[in-house]
Amino acid sequence: MLVRRFKKEDAIKASNVIKKTLLTTNKKDYPKKTIDALIFFNKPKKLIERSKITKLFVAVDKDVILGIGGYEDDHLQCFFVNPSFHKKGIGQKIFDRVIKDMTKEGYKKIYSNSTRYAEKFYEKNGFKKIKKETSPFLDTKITYIVMFKKL
Ligand SMILES: CC(C)(COP(=O)(O)OP(=O)(O)OC[C@H]1O[C@@H](n2cnc3c(N)ncnc32)[C@H](O)[C@@H]1OP(=O)(O)O)[C@@H](O)C(=O)NCCC(=O)NCCS
C-alpha cells in the first residue's frame with residue numbers, strides 16, 4: 001500500500017469509499033439529511049473541484065483506493081477509510097503523510113472538525129478536544145467536535 005497525491009482519475013473510486021463510510025460507520029454520527037449532504041459534497045466532480053484547493057492524498061493498494069485524507073489551510077479535511085479495512089493502520093499512514101506535508105509547509109498547529117467516531121483516532125494522535133460546534137452546511141447543518149494539536 002502506498003499513500004500518494006489524489007489525481008482526478010481517483011475521483012469515482014474515492015467518492016465510493018466516502019459514500020460507503022458515511023452510510024455505515026458514520027450513520028450514528030449525523031442525521032440522514034447531513035449524511036445525504038455529505039454524500040453530495042463528496043461526489044466525484046466535487047472532489048475534483050475541491051482538490052484544487054484542498055490538498056488530498058489517497059491510500060492505494062493495487063489500484064484499489066482504501067482511504068483518503070488531506071488538509072486545507074490548518075484544517076484536516078476528508079478523512080475516510082473503507083470500513084472493511086478500519087483499524088489496520090491505513091488512516092494513520094494517510095495522517096502521517098498529511099502531517100509531513102503540513103510540517104514542510106510550515107504549519108505550527110492543526111485543527112480537525114471530528115466526527116464522534118473519529119475522536120479516539122485523533123486523540124491517539126495527540127489532539128485535544130476544544131468544543132462541540134454546529135455550522136450551516138449546504139441545505140442543512142452539521143455538528144462536529146473541534147479538535148486541536150500543536151505541530
Ligand atoms: C477515522 C478513520 C479515518 C481512521 O482510519 P483507520 O484506518 O481505521 O485508523 P488506523 O487503523 O490507522 O488507527 C490508528 C490508531 O487509532 C486507533 N483508532 C482508529 N479508529 C478508532 C476508533 N474509532 N476508536 C478507537 N480507536 C481508534 C487505532 O486503534 C490505532 O491505534 P493503535 O496505533 O494504538 O493501534 C476511520 O475510522 C474512518 O474512516 N472513520 C469514518 C469517517 C470519519 O469519521 N472520518 C473523520 C472525519 S473528521
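For ligands, and for the atoms within them, numbers begin at 1 and follow the listed sequence.
D36 and K32 are joined by a salt bridge, as a carboxylate oxygen and a charged side-chain nitrogen come within less than 4.0 angstrom of each other. Salt-bridge check for E9 with K7: failed, with every basic side-chain N at 4.0 Å or more from each acidic carboxylate O.
Note on ring orientation: taking the six-membered ring where Trp is involved, the planes of Y111 and H75 are parallel (angle under 30°, cut-offs 30° and 60°).
Regarding atom 38 (C) of ligand 1, its nearest protein heavy-atom neighbour is H86 NE2, 3.3 Å. Looking from atom 7 (O) of ligand 1 to the surrounding protein, the closest heavy atom is G91 N, 2.7 Å. Among protein heavy atoms, atom 40 (N) of ligand 1 sits closest to Y117 CD2, 3.6 Å. With respect to atom 4 (C) of ligand 1, the closest heavy atom belonging to the protein is F121 CD1, 3.7 Å. Looking only at heavy atoms of the protein, atom 42 (C) of ligand 1 is closest to N26 OD1, 3.3 Å. The closest protein non-hydrogen atom to atom 8 (O) of ligand 1 is K87 N, 2.7 Å.
Residue contacts with ligand 1 for K93 are absent, since no atom lies close enough (heavy atoms, distance under 4.0 Å). At a heavy-atom cutoff of 4.0 Å, ligand 1 is contacted by the side chain of K124 but not by its backbone. Within the 4.0 Å heavy-atom criterion, the part of N113 lying near ligand 1 is the backbone and not the side chain. Residue contacts with ligand 1, taken as heavy atom pairs separated by less than 4.0 Å, involve V81 via backbone and side-chain atoms alike. When heavy-atom distances to ligand 1 are checked against a 4.0 Å cut-off, T115 comes that close through both its backbone and its side chain. Contacts between Y122 and ligand 1, counted as non-hydrogen atom pairs separated by less than 4.0 Å, involve the side chain only.
When all heavy atoms of E119 and I145 are compared, the pair lying nearest together is OE1-CD1, 3.4 Å. Annotation for D63 and K13: closest pair O-NZ, 2.8 Å, computed over non-hydrogen atoms. Across every non-hydrogen atom of I18 and C78, the tightest pair is CD1-SG, 3.8 Å. Pairing each heavy atom of H86 with each of V81, the nearest pair is NE2-O, 2.7 Å.
In the hydrophobic clustering of ILVMFWY residues, with side-chain heavy atoms under 4.5 Å counting as a link, V3 and V60 come out apart. In the hydrophobic clustering of this structure, F79 does not group with Y144; members are Ile, Leu, Val, Met, Phe, Trp, Tyr whose side-chain heavy atoms approach within less than 4.5 Å, directly or through other members.
Within the listing of ligand 1, atoms 42 (C), 43 (C), 45 (N), 46 (C), 47 (C) sit less than 4.0 angstrom from a heavy atom of F79. Near T21, meaning under 4.0 Å from one of its heavy atoms, ligand 1 places the atoms 39 (O), 41 (C), 42 (C). Below 4.0 Å from some heavy atom of I90 lie the following atoms of ligand 1, by number and element: 7 (O), 12 (O). Of all atoms in ligand 1, numbered sequentially from 1 with element shown, those under 4.0 Å from a heavy atom of S114 are 48 (S). Annotation for ligand 1: atoms under 4.0 Å from non-hydrogen atoms of T25 are 41 (C). If you number the atoms of ligand 1 from 1 as listed, the ones under 4.0 Å from a heavy atom of G89 come out as 10 (P), 11 (O), 12 (O). If you number the atoms of ligand 1 from 1 as listed, the ones under 4.0 Å from a heavy atom of A118 come out as 1 (C), 44 (O), 46 (C).
Not a single protein heavy atom sits closer than 4.0 Å to atom 35 (O) of ligand 1. Distances from atom 28 (C) of ligand 1 to the protein include no heavy-atom value under 4.0 Å.
The option from K88, Q92, E123, M147 that lies nearest to atom 12 (O) of ligand 1, judged by heavy atoms, is Q92.
Side-chain contact between L23 and I39 is present, with at least one heavy-atom pair separated by less than 4.5 Å.
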Between K20 and S84, is a side-chain hydrogen bond (donor to acceptor under 3.5 Å, both in side chains) present by the stated rule, with each step listed? CA-CA 10 Å; K20 180 178 172 186; S84 307; 3.0 Å; yes
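More than 12 heavy atoms of other residues, nucleotides or ligands sit less than 6.0 Å from atom NZ of K55. Other residues, nucleotides and ligands place no more than 12 heavy atoms under 6.0 Å from the CZ atom of F40.
Looking at K120 next to ligand 1, no N or O pair under 3.5 Å apart turns up.
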